[in-house]
Structures are given as structure tokens and as C-alpha cells.
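A quick write-up on the structure given underneath.
Start at 1 with the first residue, then count along the sequence. What you are looking at is a predicted structure, and each value in this text was computed from that prediction instead of being measured.
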Amino acid sequence: MEQTQYRPSRVSTVLAVVFGGLVGLLCLPVFVSVFGVLGDVLVLNPLLVTLFAALYSACAGFSLTGCVLLLQRKPAGVRVSSIGSVLALVIVLTELVVNALPEYAGSTTPADSQRAGMLVLFGVLALVQARRRDTRHWVGLDA
């Protein structure tokens, strides 16, 4: 039998860009909407609003920047995209912890649950695709 040689593919890079972009696009409207309802929520707990604004802005920034860097074949794109994906998972865990607190119980809407599910799904997929061998080879880390 003939030994087949490893041939890199761009598919994992394209999927990392797509899923990372979806994570960033999911976080961006939530970050912008925080400022629309800031007056009502700020009375409840300004620290919590600041925390979520920082998490959502960082996740959107890292995810979308990682997509651009991956498209430009920059090695930093793998790390930046991975950080954005991990931040998406941190957001979901933080929302779960906050919603478990007695003073915030029942404040979750079905749209929040759907967004959390999509963040987990797209975050994990973007993280896995960004860390794959083909993606790292495509940007020049495993040349």
C-alpha cells in the first residue's frame, strides 16, 4: 500500500472564521443594547452591568478580530479567535451563576436561553476549528 502524504485543507480555517464571526455577531448587539437599557438596569446593580458589558465587548472584539487575522493568514489569529471563543463560554457560565442568585431568579427570557445555547455551540465549534492542525498550518504555525 502506498503511504499518502498529509495535504492541508482550508476548510477548518473557513469554518473557524464562520463560527468565530457568528460568536462576534451574537455578542455585538447585546453589548450595544446594554446602553439602551442602562438607566433601568443600572439602578439594580451597576457592577453587574459593567461586568456583562465588558465580557460581551471583549468577546465580540476578540472573535471578530480573530476572524480578520485568520483571513489574513496571521498566526495571532488562532490565539485571538481562541480567546474570543473561551470568552463566549465564560459569558454563558457567568449568566448561569447570576441567574441562580435569588434576587435575579426568573429574569431569564427564552431569547436569553437561545442566545446562551448558540454561544455555547458556536463558541465550541470556533474553538475546535481554530485549534485544528489544518488551521495552524494555513496561518504558518506548523509549516
Side-chain angles (χ1 to χ4, degrees), residues 3-42 44-143:
Q3 179 86 5
T4 59
Q5 196 171 8
Y6 169 72
R7 293 181 354 151
S9 173
R10 293 186 309 204
V11 173
S12 64
T13 306
V14 171
L15 289 175
V17 169
V18 167
F19 291 129
L22 287 172
V23 168
L25 291 177
L26 274 172
C27 290
L28 195 59
V30 176
F31 169 67
V32 172
S33 72
V34 165
F35 296 108
V37 296
L38 198 58
D40 300 334
V41 180
L42 197 56
L44 295 175
N45 193 344
L47 181 64
L48 201 60
V49 172
T50 306
L51 171 73
F52 279 117
L55 282 174
Y56 275 106
S57 66
C59 181
F62 277 109
S63 295
L64 295 175
T65 304
C67 291
V68 171
L69 290 174
L70 284 175
L71 288 174
Q72 293 176 348
R73 296 178 85 166
K74 306 276 184 182
V78 173
R79 284 187 295 273
V80 173
S81 182
S82 298
I83 291 170
S85 300
V86 169
L87 280 173
L89 300 175
V90 168
I91 287 171
V92 172
L93 290 175
T94 306
E95 286 183 351
L96 287 173
V97 168
V98 168
N99 289 330
L101 297 174
E103 58 265 16
Y104 297 106
S107 63
T108 304
T109 64
D112 294 335
S113 301
Q114 290 173 350
R115 185 183 64 245
M118 287 188 287
L119 276 176
V120 168
L121 176 68
F122 295 146
V124 168
L125 289 172
L127 181 63
V128 167
Q129 294 300 326
R131 305 300 298 178
R132 286 193 60 181
R133 179 180 180 189
D134 288 337
T135 303
R136 292 182 354 191
H137 184 76
W138 175 255
V139 297
L141 287 175
D142 290 340

- Heavy-atom nearest pair, Val23 first then Gly84, reads CG1-O, 4.3 Å
- Task: Give, for atom CG of Leu93 and atom CG of Leu119, the distance between the pair rounded to the nearest 0.5 Å.
- Result: 11.0 Å
- Leu22 side, atom CG; Leu121 side, atom CG - distance, nearest 0.5 Å: 9.5 Å
- Passing option when Leu69 is tested against Val17, Val78, Val80 for side-chain contact (heavy atoms from CB on, under 4.5 Å): Val80
- Item | Interatomic distance, Thr94 atom OG1 to Leu51 atom CG [nearest 0.5 angstrom] | 6.0 Å
- Item | Donor-acceptor contact present, side-chain Thr135 to main-chain Gln129, <3.5 Å | yes
- Query: How many angstroms lie between CZ in Phe122 and CG in Leu25, if you round to the nearest 0.5 Å?
  - Reply: 10.5 Å
- Between Arg136 and Arg131, what is the shortest heavy-atom contact and its length? CD-O, 3.9 Å
- Message: Looking at Trp138, is its backbone amide N or carbonyl O close enough to the side chain of Arg73 to form a donor-acceptor pair, meaning the two atoms are under 3.5 Å apart?
- Response: yes
- Exercise: identify the closest heavy-atom pair between Arg132 and Ser12: CD-CB, 4.0 Å
- Message: For Ser63 versus Ser85, what's the shortest heavy-atom pair and its separation?
- Response: OG-N, 4.3 Å
- Check against side chain to side chain contact (heavy atoms under 4.5 Å, CB included), Leu127 and Val86: CA-CA 7 Å; Leu127 181 63; Val86 169; 4.3 Å; yes
- Query: How far apart are the closest heavy atoms of Gly20 and Cys67, and which atoms are they?
  - Reply: C-SG, 3.5 Å
- In terms of heavy-atom contacts, Val120 and Leu89 come closest through CA-CD2, 4.0 Å
- Check: Phe62 main-chain N/O paired with Thr65 side-chain donor or acceptor under 3.5 Å: no
- Message: Does Phe19 have more than 12 heavy atoms from other residues, nucleotides or ligands lying within 6.0 Å of its CZ?
- Response: yes
- Item | From Arg133 atom CZ to His137 atom NE2, the distance as rounded to the nearest 0.5 Å | 8.5 Å
- Task: Drop me the distance from Ile91's CD1 to Arg115's CZ, to the nearest 0.5 angstrom.
- Result: 8.5 Å
